[in-house]
Amino acid sequence: MKIEEEARDIAEFYSFLRIETPLLEAAELYERGIGEETDVVQKEMYTLRTKGSGKLALRPEYTAAIMRSYLQHGMHRLPQPQRLYSFGPVFRHDRPQAGRYRQFYQFNLEILGGDSDAIYDAQVIIAFYKLIEELKVKPLIIQINSIGCRICRPNYRKKLVEYYRDEEICRDCERRLKVNPIRLLDCKKEVCQTAKAGVPNIFDSLCSLCRGHLKQVLEYLEEANLPYVLNHLLARGLDYYSRTVFEIFLEEAIPAGRQGNLALAGGGRYDYLAEVLGGRPTPAVGGALGVQRLIEILQTSGTAIPLRTSKPKVFLVHIGNDAKKKSLSLMEELRRANISTSNALGKDSLSAQLEAANKMGVPLALILGQREVYEGSVIIRDMENGVQEPIPMRNMVEEIKKRLRG
Ligand code: AMP
């Protein structure tokens with residue numbers, strides 16, 4: 001499957017390792033992880049009773065299972081964060097129609113552990129965006145929102161409950177209002193649409209940390225030149241999200257009768273999921289892309305899928321915040337030039353990053369510090385003999401190609 005190859009290449013380019021989880025798991029994992037009151041658990045999950053008296057579920061999504069695996073196998077003892085990807089079938093009970101299937105493939109990216117650095121949120125979004133773009137599906141638009149944290153979300157919930165007290169809503173939303181009012185934001189039922197027009201804006205309720213976090217994610221997206229719009233009604237269906245939530249759409253719905261404008265990919269930050277599953281606090285962010293929806297669009301537009309293969313040749317090292325930010329656009333420049341590149345975004349010490357480069361066995365490292373960003377230069381390091389030399393950033397691609405050839 002060509003999309004799978006492309007997805008794998010993108011995942012490996014951004015240093016994600018593959019993980020596979022069982023198709024069948026204890027239903028409780030998803031009930032607790034995704035949330036009892038969600039559509040996925042209430043209406044879409046296929047469950048079965050075993051001969052004992054256990055209840056199992058067919059995988060309705062990957063994230064809860066990947067977090068379960070992370071906790072169960074003590075992955076917090078490995079270098080943090082862990083970047084994991086998966087590609088496989090998930091199952092959701094639904095009336096089959098264009099863009100909605102009972103079995104479909106998801107490509108999943110998760111960054112687990114470490115801290116809640118906004119660069120990780122941006123990296124997940126960028127990787128999905130680049131994969132879709134690579135397949136010549138565009139123009140795309142990212143919708144993004146922050147749904148706050150344990151500190152600020154309760155205030156917003158109160159505001160929502162107050163607001164909806166006098167509004168006309170569907171039966172499901174009447175129940176949701178008691179257990180998880182944020183879910184009312186993304187109800188698709190006709191009767192709930194009028195009330196949405198005057199819903200209090202969550203941005204006004206975010207605490208300063210959540211605001212700062214969202215601002216940073218947006219800055220990183222801008223640095224990577226990706227188009228986004230803030231959508232304060234974006235809540236996503238699952239309970240485990242905190243702060244960033246996002247979805248990626250085609251900018252214009254594809255023509256008549258096909259699939260309307262359904263999200264191609266979606267995800268967000270889920271810093272509390274590990275605790276809900278009984279583990280230690282573990283910041284995490286991730287998302288999933290629906291493979292069938294991409295295929296449908298490719299078929300509609302008659303686009304052929306290009307092939308690309310890559311193994312890291314260059315490791316990008318950053319020192320300081322400006323360099324960290326700049327490294328996103330350098331990564332994209334290298335990707336466009338087809339120079340496979342790895343990095344340890346989020347690791348801040350020079351020695352930790354060089355060690356990671358060493359382990360990976362790349363021939364070249366690029367070192368970017370405050371001074372280099374300011375001067376528009378970058379240091380190129382031969383990893384075999386340790387010899388370093390500053391070069392102008394504009395000559396970077398040419399210089400790397402020359403050295404890789406030699
Ligand atoms: P979700 O986490 O529910 O937003 O799902 C992530 C992605 O999976 C969506 O953006 C879609 O591309 C895809 N997806 C979700 N549900 C279905 C479905 N029933 N059939 C096909 N693709 C789906």
Side-chain angles (χ1 to χ4, degrees), residues 1 3-4 6-7 10-11 21 29-30 33-35 37-46 57-67 85-110 121 124-125 127-133 135 137-138 140-145 147 180 182-183 185-188 228 231 233-242 244-251 253-254 258-270 273 284-300:
M1 209 150 104
I3 294 186
E4 181 170 4
E6 278 294 323
I10 285 275
T21 66
L29 167 68
Y30 300 108
I34 300 174
E37 278 305 316
T38 56
D39 283 353
V40 170
V41 167
Q42 292 250 326
K43 301 180 185 161
E44 297 170 0
M45 192 162 77
Y46 288 99
L58 273 174
R59 176 170 73 202
E61 57 118 42
Y62 271 100
T63 306
I66 292 177
M67 182 57 96
Y85 83 94
S86 51
F87 191 102
V90 297
F91 302 84
R92 292 188 192 173
H93 182 74
D94 209 332
R95 189 170 59 79
Q97 52 196 294
R100 281 196 196 285
Y101 305 97
R102 292 191 185 128
Q103 172 175 352
F104 58 97
Y105 274 67
Q106 275 192 346
F107 169 51
N108 231 78
L109 293 170
E110 314 285 352
D121 307 49
V124 166
I125 299 173
F128 282 124
Y129 188 98
K130 293 294 165 187
L131 169 62
I132 307 171
E133 198 183 51
L135 296 166
V137 173
K138 52 187 180 190
L140 300 170
I141 184 81
I142 299 160
Q143 293 201 6
I144 189 162
N145 191 17
I147 54 167
N180 191 357
I182 306 251
R183 297 282 328 284
L185 297 181
D186 61 7
C187 179
K188 305 282 182 294
Y228 67 83
N231 175 0
L233 293 176
L234 182 66
R236 304 226 350 110
L238 320 181
D239 277 0
Y240 51 56
Y241 289 113
S242 54
T244 313
V245 287
F246 72 91
E247 288 188 333
I248 304 179
F249 292 87
L250 262 187
E251 204 169 17
I254 52 174
R258 295 294 289 166
Q259 63 173 45
N261 212 0
L262 296 174
L264 292 172
R269 175 160 285 287
Y270 50 98
L273 176 60
V285 59
L289 172 141
V291 175
Q292 273 72 12
R293 289 195 186 165
L294 255 188
I295 293 175
E296 275 194 6
I297 291 175
L298 290 168
Q299 283 170 342
T300 313

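In each ligand, atom 1 is the first atom listed, and ligand 1 is the first ligand listed. Starting from 1, each residue takes its place in the sequence as its number. Quick note: numbers below take in every heavy atom, side chains included, and nothing from hydrogens, waters or symmetry partners. Quick caveat: nothing in here was measured; it's all calculated off a predicted structure.
Y241 pairs by the side-chain hydrogen bond (donor to acceptor under 3.5 Å, both in side chains) definition with R236, not counting sequence neighbours. When the side chain to side chain contact (heavy atoms under 4.5 Å, CB included) test is applied to A65, the partners found at least two apart in sequence or on another chain are T21, E25, L29, Y30. With sequence neighbours excluded, the residues forming a side chain to side chain contact (heavy atoms under 4.5 Å, CB included) with N231 are Q143, L233, L234, listed by chain and number.
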Write 'none' if nothing qualifies; otherwise put on separate lines each N/O atom of ligand 1 with a protein N/O atom under 3.5 Å away and their distance to 0.1 Å.
unit_1: ligand 1; atom_1: 2 (O); unit_2: R236; atom_2: NH2; d: 3.0
unit_1: ligand 1; atom_1: 3 (O); unit_2: R92; atom_2: NH1; d: 2.7
unit_1: ligand 1; atom_1: 3 (O); unit_2: R92; atom_2: NH2; d: 3.4
unit_1: ligand 1; atom_1: 4 (O); unit_2: R236; atom_2: NH1; d: 2.9
unit_1: ligand 1; atom_1: 4 (O); unit_2: R236; atom_2: NH2; d: 3.3
unit_1: ligand 1; atom_1: 5 (O); unit_2: Q106; atom_2: NE2; d: 3.4
unit_1: ligand 1; atom_1: 8 (O); unit_2: Q106; atom_2: NE2; d: 3.3
unit_1: ligand 1; atom_1: 10 (O); unit_2: A263; atom_2: O; d: 3.2
unit_1: ligand 1; atom_1: 12 (O); unit_2: A263; atom_2: O; d: 3.1
unit_1: ligand 1; atom_1: 12 (O); unit_2: L264; atom_2: O; d: 3.0
unit_1: ligand 1; atom_1: 12 (O); unit_2: G290; atom_2: N; d: 3.1
unit_1: ligand 1; atom_1: 19 (N); unit_2: Y101; atom_2: N; d: 3.3
unit_1: ligand 1; atom_1: 19 (N); unit_2: Y101; atom_2: O; d: 3.1
unit_1: ligand 1; atom_1: 20 (N); unit_2: G99; atom_2: O; d: 3.3
unit_1: ligand 1; atom_1: 20 (N); unit_2: Y101; atom_2: N; d: 2.8

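Annotation: side chain of Q103 is not in contact with side chain of Y46 (no heavy-atom distance under 4.5 Å). L294 has its side chain out of reach of F107: every pair of non-hydrogen atoms, C-beta onward, lies at least 4.5 Å apart.
K130 and E133 are joined by a salt bridge, as a carboxylate oxygen and a charged side-chain nitrogen come within less than 4.0 angstrom of each other.
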